[in-house]
Amino acid sequence: MANQATGSLQGTARGSAPAPLSVLDLVAVGEGHTTREALRTTARLARLAEARGFHRYWVAEHHSMPGIASSSPAVILAYLASQTTRIRLGSGGVMLPNHAPLVIAEQFGTLEAMAPGRVDLGLGRAPGTDQMTARALRGTSEPAAGDAFPAEVAELIAFLKDEFPQGHPYRRVHAVPGPVQGRTEGQPTVWLLGSSGFSAQLAGRLGLPFAFAHHFAAHNTIPALELYRQMFRPSAVLSEPYAVVGVFAFAAETEEKAREQALTGALTTARFRSGHPGLVPTPEEARSHVFSAFEQEILGGWLDHAVYGTPETVRERLDALQKRTEADEIMLASNSHGLEERLASLSLIADSYGLPHAETGPA
């Protein structure tokens with residue numbers, strides 16, 4: 001259970017959901033759609049998620065991928081902060097090796113000032129792109145050192161708290177907005193994200209909440225969560241472990257329609273891993289695509305662990321996933337082609353659990 005200091009870090013299971021439900025948005029851009037349309041849909045999705053009692057809404061950092069427009073999480077979250085009033089907003093995540101920790105501390109300190117008590121800073125150690133793009137982001141020809149992540153996290157937290165020790169070279173460097181201003185407001189809640197045991201162990205040792213990417217590393221889900229819980233040490237943030245599991249989830253009125261949208265996301269993933277990223281294909285293109293042997297392997301693994309179908313099927317499979325993983329929260333991702341279909345899917349899942357209705361934020 002979260003300490004009082006964490007406020008609303010923990011969610012509340014609503015309706016008949018076995019755990020709090022949240023949303024992960026990649027701001028997918030499909031063939032025939034524009035980034036502007038995708039971003040407007042993201043705002044509509046965030047307002048819908050808030051109205052239906054979802055606990056948090058995260059966006060994920062990716063780069064050099066035509067079909068994913070979430071390259072600037074802090075900018076998108078500022079937009080969503082103006083569109084909502086209650087739902088927690090955050091990064092799922094910021095890929096810390098791409099950035100100087102001070103920059104992220106100031107970006108998310110600004111977001112916390114804009115939406116106090118609602119901001120999550122989820123951190124990942126992968127670049128969220130290919131290695132050449134990662135080098136371009138850092139402005140260096142040197143590849144990122146994965147083992148530098150713990151030190152980068154520690155530096156970021158020190159900037160957020162303004163707590164560098166005496167003698168540290170950054171002792172007189174301050175993240176603004178931040179404690180140096182004498183603010184009494186809180187700070188964004190730091191999360192670690194992962195698809196293996198590395199970040200799971202680190203999150204446990206630091207006593208931070210942990211989010212696992214089940215949607216693309218399902219074979220590691222149980223081992224990573226077990227490792228996180230075993231390694232967990234109580235902290236000022238959490239007294240007990242708190243784990244979120246992210247999963248692709250898509251509901252439609254029929255199994256066929258749901259699979260059509262799931263297939264568009266699967267083909268997008270297969271193309272990226274094959275070195276040919278592009279816009280999210282239409283259902284028609286996905287149906288007619290001739291998959292290579294390599295793509296077939298990716299497709300099978302992706303669809304095997306995606307949750308899609310009628311609302312009843314999706315609910316049953318989400319319930320089973322939560323029971324199997326003992327997740328404290330389930331985060332739903334839906335990187336698929338249809339804009340209106342994404343909105344309909346979220347509504348259908350909410351309806352299947354009997355989630356409440358409430359007034360939405362700005363239009």
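As the structure is a prediction and not an experimental result, all values here were calculated from the model.
- Ring pair His99/His63 is tilted by interplanar angle, where 30° to 60° counts as tilted.
- Using a 4.5 Å cut-off between side-chain heavy atoms of Ile, Leu, Val, Met, Phe, Trp and Tyr, with links allowed through other members, Leu26 and Leu339 fall into different hydrophobic clusters.
- Glu61 and Asn98 share a side-chain donor-acceptor pair at under 3.5 Å.
- For the pair Asp328 and Val244, the minimum side-chain heavy-atom distance is 4.5 Å or more.
- Using a distance-only test at 3.5 Å, with no hydrogens or angles considered, no donor-acceptor pair links the side chain of His214 to the main chain of Ala306.
- Between Tyr228 and Phe210, the ring planes lie tilted relative to each other; the angle falls in the 30° to 60° range.
- Note on Glu340 versus Arg44: salt bridge recorded, some NZ/NE/NH1/NH2 to OD/OE distance being below 4.0 Å.
- Residues Trp191 and Leu227 do not share a hydrophobic cluster, clusters being chains of Ile/Leu/Val/Met/Phe/Trp/Tyr side chains in contact below 4.5 Å.
- Judged by distance alone, with hydrogens and angles left aside, the side-chain atoms of Ser235 form a donor-acceptor pair with the main-chain N or O of Gly207 at under 3.5 Å.
- Phe248 places none of its side-chain heavy atoms less than 4.5 Å from the side chain of Leu332.
- The closest side-chain heavy-atom distance from Val176 to Glu106 is below 4.5 Å.
- Between the side chain of Gln107 and the backbone N or O of Ala74 there is no donor-acceptor pair closer than 3.5 Å.
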Next item on the list: For side-chain hydrogen bond (donor to acceptor under 3.5 Å, both in side chains), just list the numbers for Asn220 and Ser196, CA-CA rounded to whole Å, side-chain angles, deciding distance to a tenth of an Å, and then say yes or no.
Entry: CA-CA 6 Å; Asn220 281 331; Ser196 68; 5.8 Å; no

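- A salt bridge does not link Glu295 with Arg273: every distance from a Lys NZ or Arg NE/NH1/NH2 to an Asp or Glu carboxylate oxygen is 4.0 Å or more.
- A side-chain donor from one of Asp120 and Trp58 sits under 3.5 Å from a side-chain acceptor of the other.
- A cation-pi contact, defined as under 6.0 Å to the ring centre and within 45° of the axis, links Arg125 to Phe198.
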Margin query: Could you walk me through whether Arg118 and Thr84 satisfy the side-chain hydrogen bond (donor to acceptor under 3.5 Å, both in side chains) test, starting with their C-alpha distance in whole Å, then the side-chain angles of each, then the deciding distance to 0.1 Å, before giving a yes or no?
Written below: CA-CA 10 Å; Arg118 292 206 286 145; Thr84 58; 2.9 Å; yes

Next item on the list: Evaluate ring-ring contact (aromatic ring centres under 6.0 Å, His included) for His168 paired with Tyr170, printing each intermediate quantity in order.
Entry: CA-CA 5 Å; His168 193 284; Tyr170 294 157; 5.5 Å; yes

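- Using cut-offs of 30° and 60° for the angle between ring planes, the His337 and His33 rings count as tilted.
- A side-chain donor-acceptor contact under 3.5 Å links Ser22 and Glu329.
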Next item on the list: Kindly indicate, with the supporting measurements, whether the criterion salt bridge (charged side-chain N to carboxylate O under 4.0 Å, His left out) is fulfilled by Arg271 and Glu285.
Entry: CA-CA 13 Å; Arg271 284 176 168 171; Glu285 182 182 356; 2.8 Å; yes

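- At a threshold of 4.5 Å between side-chain heavy atoms, the hydrophobic network of Ile, Leu, Val, Met, Phe, Trp and Tyr places Met331 and Val190 in one connected group.
- Between Pro18 and Ala13, the shortest heavy-atom contact is C-CB, 4.3 Å.
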Next item on the list: Check the pair Ser347 / Arg52 against side-chain hydrogen bond (donor to acceptor under 3.5 Å, both in side chains), numbers first and verdict last.
Entry: CA-CA 8 Å; Ser347 290; Arg52 298 305 306 271; 4.8 Å; no

